Visitor: 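Could you have a look at this structure, given as structure tokens, before my questions?
Small disclaimer: the values here were computed from a predicted structure and weren't measured. Scope of the values below: all heavy atoms of this structure, side chains included, with no hydrogens, waters or symmetry mates.
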Amino acid sequence: MAQLAQKVPALVGQLVTQSKPALQTFLKYAKVELTPPTPADIPQIRAGIGRLVSAAKNGNWKNVTVRDGFVNSLIAIEVWCWFYVGECIGKRHIVGYDV
């Protein structure tokens with residue numbers, strides 16, 4: 001047990017040294033991707049929704065590659081799963097509501 005206690009500071013130091021680059025990369029992308037939209041972003045959002053609606057009307061969704069369709073399906077499944085995780089968190093039970 002004494003040998004383990006002596007190795008802990010060295011292991012923690014090594015862990016911190018190895019995780020710094022990954023943490024810096026995460027923080028770089030988190031500052032951009034995890035911020036809420038600003039009022040300046042609203043015109044871009046409206047334009048994106050307009051393009052999505054026009055693509056649905058024109059049938060452009062049929063001209064998607066298999067890879068893009070697979071990626072879009074995975075994204076839809078992820079959103080669906082997070083919805084149900086939020087439901088479970090909100091109702092504080094996995095099955096049913098606490099009445």
Side-chain angles (χ1 to χ4, degrees):
M1 191 63 148
Q3 291 177 349
L4 180 63
Q6 290 174 354
K7 291 181 182 179
V8 168
L11 291 173
V12 170
Q14 186 179 8
L15 178 68
V16 169
T17 303
Q18 290 179 353
S19 65
K20 275 188 181 180
L23 182 62
Q24 289 173 347
T25 303
F26 170 76
L27 291 175
K28 179 180 118 178
Y29 288 116
K31 287 179 185 176
V32 176
E33 297 293 332
L34 298 178
T35 57
T38 62
D41 294 336
I42 292 175
Q44 294 173 348
I45 294 169
R46 284 188 172 182
I49 292 172
R51 285 191 305 268
L52 183 65
V53 169
S54 67
K57 286 181 182 176
N58 296 336
N60 290 344
W61 56 273
K62 297 176 191 175
N63 299 329
V64 176
T65 63
V66 173
R67 183 178 190 273
D68 288 342
F70 182 71
V71 169
N72 290 342
S73 299
L74 288 179
I75 291 170
I77 291 169
E78 180 184 7
V79 170
W80 181 64
C81 288
W82 280 116
F83 170 78
Y84 282 108
V85 167
E87 280 285 311
C88 290
I89 291 170
K91 63 186 175 186
R92 295 187 178 145
H93 290 84
I94 292 182
V95 177
Y97 285 92
D98 188 20
V99 180

Visitor: Going by the side-chain hydrogen bond (donor to acceptor under 3.5 Å, both in side chains) test, which pairs reach into residues 59-78, not counting sequence neighbours?
Guide: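 Only Thr65-Asp68 qualify under side-chain hydrogen bond (donor to acceptor under 3.5 Å, both in side chains).
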Visitor: Of all residues at least two apart in sequence or in a different chain, which pass the side chain to side chain donor-acceptor pair (under 3.5 Å) check with Asn58?
Guide: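 With neighbours one apart ignored, the set is empty.
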Visitor: May I ask you to list the residues sharing a hydrophobic cluster with Trp80, side-chain cutoff 4.5 Å, ordered by chain and number?
Guide: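 Noted: Trp80 shares its cluster with Phe83, Tyr84.
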Visitor: What pairs meet the side-chain hydrogen bond (donor to acceptor under 3.5 Å, both in side chains) rule with one or both residues in residues 39-49, with sequence neighbours excluded?
Guide: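 Non-adjacent pairs meeting side-chain hydrogen bond (donor to acceptor under 3.5 Å, both in side chains): Thr38-Asp41.
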Visitor: Can you list, pair by pair, the side-chain donor-acceptor contacts under 3.5 Å of residues 7-30, counting residues two or more places apart and other chains?
Guide:
from  : atom 1 : to    : atom 2 : distance (Å)
Thr17 : OG1    : Gly13 : O      : 2.8
Ser19 : OG     : Leu15 : O      : 2.9
Ser19 : OG     : Val16 : O      : 3.3
Thr25 : OG1    : Pro21 : O      : 3.0

Visitor: Looking only at non-hydrogen atoms, find the nearest pair between Pro43 and Pro39 and report the distance.
Guide: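 Closest approach of Pro43 to Pro39: CD-O, 3.8 Å.
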Visitor: Using a 4.5 Å cut-off on heavy atoms from C-beta on, say whether the side chain of Ile45 contacts that of Pro37.
Guide: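 Counting from C-beta outward, Pro37 and Ile45 do come under 4.5 Å.
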Visitor: Who pairs with Thr35 by side chain to side chain donor-acceptor pair (under 3.5 Å), at least two apart in sequence or on another chain?
Guide: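 Once residues adjacent in sequence are excluded, Thr35 has no partner under the side chain to side chain donor-acceptor pair (under 3.5 Å) criterion.
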Visitor: Grouping I, L, V, M, F, W and Y whenever their side-chain heavy atoms are under 4.5 Å apart, do Val64 and Ile75 come out in a common cluster?
Guide: no
